[in-house]
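Read the structure below first, then the notes.
Order of the sequence lines fixes the chain letters, A, B, ..., with proteins taken first and strands second; residue numbering starts at 1 for each chain. Note that these values count all heavy atoms, side chains included, but never hydrogens, waters or copies made by symmetry.
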Amino acid sequence: MPTESILAWYAVHARELPWRAPSASPWSILVSELMLQQTPVNRVLPVWTVWMARWPTAASLAAEPSGEAVRAWGRLGYPRRALRLHACAVAITERHGGKVPTDHAELLALPGVGAYTAASVASFAFRQRHAVLDTNVRRVLARLKSGQEHPPKSQTTAELRLAESLLPEEAETAATWAVAVMELGALICTARSPRCADCPVIAQCAWYKAGKPAWDGPPRRGQTYAGTDRQCRGRLLAVLRDASHPVEKPALDVVWSDAVQRERALDGLIADGLVDPLDDGRYALPS
DNA sequence: AACCCGTGGTC
DNA sequence: TGACCAAGGGT
């Protein structure tokens, strides 16, 4: 049975990540999950550590301007997540008495918390029984059960049903199983060069048994970045993040030459609430 | 449903 | 070296 093999492997090989410590608070786990969305563990670790020392509770973050969250986010990427995390802190403080809600539906209602994050917090922080389907788990299940190198582009109900069917009955075991499968995908069953020789379930792996056939599905479109609005937004926001005071417009203009694109990106940042255009014509992180 | 949203590491 | 990838979510 793959369940026992993966649990046994995890017991030996799990990384000691601080948000996995028994003492980790639900809030610290929620913070880690928001930061880990599309961002590697190694880049999250130092930011999370500083963040938790400064804002150990939701209420402590909620008491600060959202711009402070954006600044402390640093270069993690996708800074709207910082805004959403701040909004989470406000919602938790105002609606939930400062405590991260334990109910899956209430978690899902928080800003920036989707299906994955709601399930992961309910599972990791509150030891509930949920299918936790992230990119790692989807890849492991695709290989192990479907014999495909990669999961479908977008999550299917078949994947969800498969993940639920594999979930151990007992909640505590299910919670450990969820993080164990994720860890297997992160350390062994990786996207690029899977370490099949070290895999605890190689004997059950449909993809391996089929000879590890190459991906024959639709080409997985890459993410271009150079020259995009995203890169431009990143440059503009970096100026404000690195400044201790509001900046004049020319300080923004110098970081991107295409004026049309630059204005569009700046408007987008303002619309997102990441940049505050002051009455005096200067720009600042939001208050 | 497809597209947008950052950043840095890897081979 | 440029394409791919990383604990997704919102619209």
inquiry  = Over all strands shown, is A:Trp73 touching base, sugar-phosphate only, or nothing at heavy-atom distances under 4.0 angstrom?
reply    = nothing

ask   = Is there a donor in the side chain of A:Ser257 and an acceptor in the side chain of A:Arg262, or the other way round, less than 3.5 Å apart?
value = no

inquiry  = With the threshold set at under 4.0 Å for non-hydrogen atoms, list the residues of residues 169-178 of chain A touching DNA chain C in residue-number order.
reply    = none

key: Pairwise ring pair (Phe, Tyr, Trp, His ring centres under 6.0 Å) hits with a residue in residues 136-187 of chain A, at least two apart   = A:His150-A:Trp215

request  = Answer with base, sugar-phosphate or nothing: what part of the nucleic acid does A:Ala226 contact at a heavy-atom distance below 4.0 Å?
outcome  = nothing

task = Would you mind telling me which of A:Asp229, A:Leu252, A:Leu240, A:Leu274 makes a side chain to side chain contact (heavy atoms under 4.5 Å, CB included) with A:Leu269?
result = A:Leu274

key: Pairs touching residues 98-107 of chain A that satisfy side chain to side chain donor-acceptor pair (under 3.5 Å), sequence neighbours left out   = none

message = Strictly under 4.0 angstrom, non-hydrogen atoms only: write out the protein contact profile of nucleotides 6-11 of chain B, one letter per nucleotide from the 5' end, B, S or -.
response = BBBBB-

ask   = Closest nucleotide of DNA chain C for A:Thr224 versus for A:Leu108: which of these residues is on the 5' side?
value = A:Thr224

Determine all donor-acceptor pairs shorter than 3.5 Å in which one atom belongs to a side chain in residues 82-97 of chain A; sequence neighbours excluded.
residue : atom : partner : partner atom : Å
A:His86 : NE2  : A:Glu64 : O            : 2.6
A:Thr93 : OG1  : A:Ala89 : O            : 2.7

query = Of all nucleotides in DNA chain C with an atom under 4.0 Å from a non-hydrogen atom of chain A, which is the first and which the last going 5' to 3'?
reply = C:dC4 to C:dG10

inquiry  = Using only atom types and a distance under 3.5 Å, with no angle test, would you say the side chain of A:Arg81 pairs donor to acceptor with the backbone of A:Leu34?
reply    = yes

request  = For residues 270-279 of chain A, pull every pair meeting salt bridge (Lys or Arg N to Asp or Glu O under 4.0 Å), keeping only residues two or more places apart or in separate chains.
outcome  = A:Arg80-A:Asp272, A:Arg233-A:Asp272

task = Using the P atom on both, measure B:dC3 against C:dA7 and round to a whole Å.
result = 24 Å

remark   = Judged by nearest nucleotide, the residue sitting upstream toward the 5' end of DNA chain C, A:Leu110 or A:Trp19, is A:Trp19

ask   = Would a distance-only check, ignoring hydrogens and angles, find a side-chain to backbone donor-acceptor pair under 3.5 Å from A:Trp27 to A:Trp55?
value = yes

ask   = Checking all strands, does A:Leu83 fall into the base, sugar-phosphate, or nothing category for heavy-atom contacts under 4.0 angstrom?
value = nothing

task = Only pairs at least two apart or in different chains count here, so list each salt bridge (Lys or Arg N to Asp or Glu O under 4.0 Å) that has a residue in residues 145-167 of chain A.
result = A:Arg138-A:Glu159

query = Can you check whether A:Tyr78's main-chain N or O pairs, donor with acceptor, with A:Gln38's side chain at less than 3.5 Å?
reply = no

query = Going by the salt bridge (Lys or Arg N to Asp or Glu O under 4.0 Å) test, which pairs reach into residues 15-34 of chain A, not counting sequence neighbours?
reply = A:Arg15-A:Glu183, A:Arg20-A:Glu183

query = Taking only residues two or more places apart in sequence, or in another chain, which ones meet A:Thr135 in a side-chain hydrogen bond (donor to acceptor under 3.5 Å, both in side chains)?
reply = none

ask   = If only atom types and distance count, is the side chain of A:Ser32 paired as donor or acceptor with the main-chain N or O of A:Ile29 below 3.5 Å?
value = yes

message = Using a 3.5 Å distance criterion without hydrogens, assess whether the side chain of A:Arg71 forms a donor-acceptor pair with backbone atoms of A:Arg241.
response = yes

message = Expected output is a numbered-order residue list: members of residues 123-145 of chain A with a heavy atom under 4.0 Å from any atom of DNA chain C. What is it?
response = A:Asp134, A:Thr135, A:Asn136, A:Arg139

inquiry  = Any residue in residues 27-36 of chain A with a heavy atom nearer than 4.0 angstrom to DNA chain C? Just list them by number, or reply none.
reply    = A:Glu33, A:Leu36

task = Would you mind classifying the nucleic acid contact of A:Arg264 as base, sugar-phosphate or nothing, using non-hydrogen atoms under 4.0 angstrom?
result = nothing

note = The single option from A:Gln128, A:Arg129, A:Arg127 that satisfies side-chain hydrogen bond (donor to acceptor under 3.5 Å, both in side chains) with A:Glu172 is A:Arg127

inquiry  = Pair A:Tyr10, A:Met182 - check side chain to side chain contact (heavy atoms under 4.5 Å, CB included), show working.
reply    = CA-CA 10 Å; A:Tyr10 181 75; A:Met182 195 177 302; over 6 Å; no

query = What is the nucleic acid contact for A:Thr190, judged by heavy atoms within less than 4.0 Å: base, sugar-phosphate only, or nothing?
reply = nothing

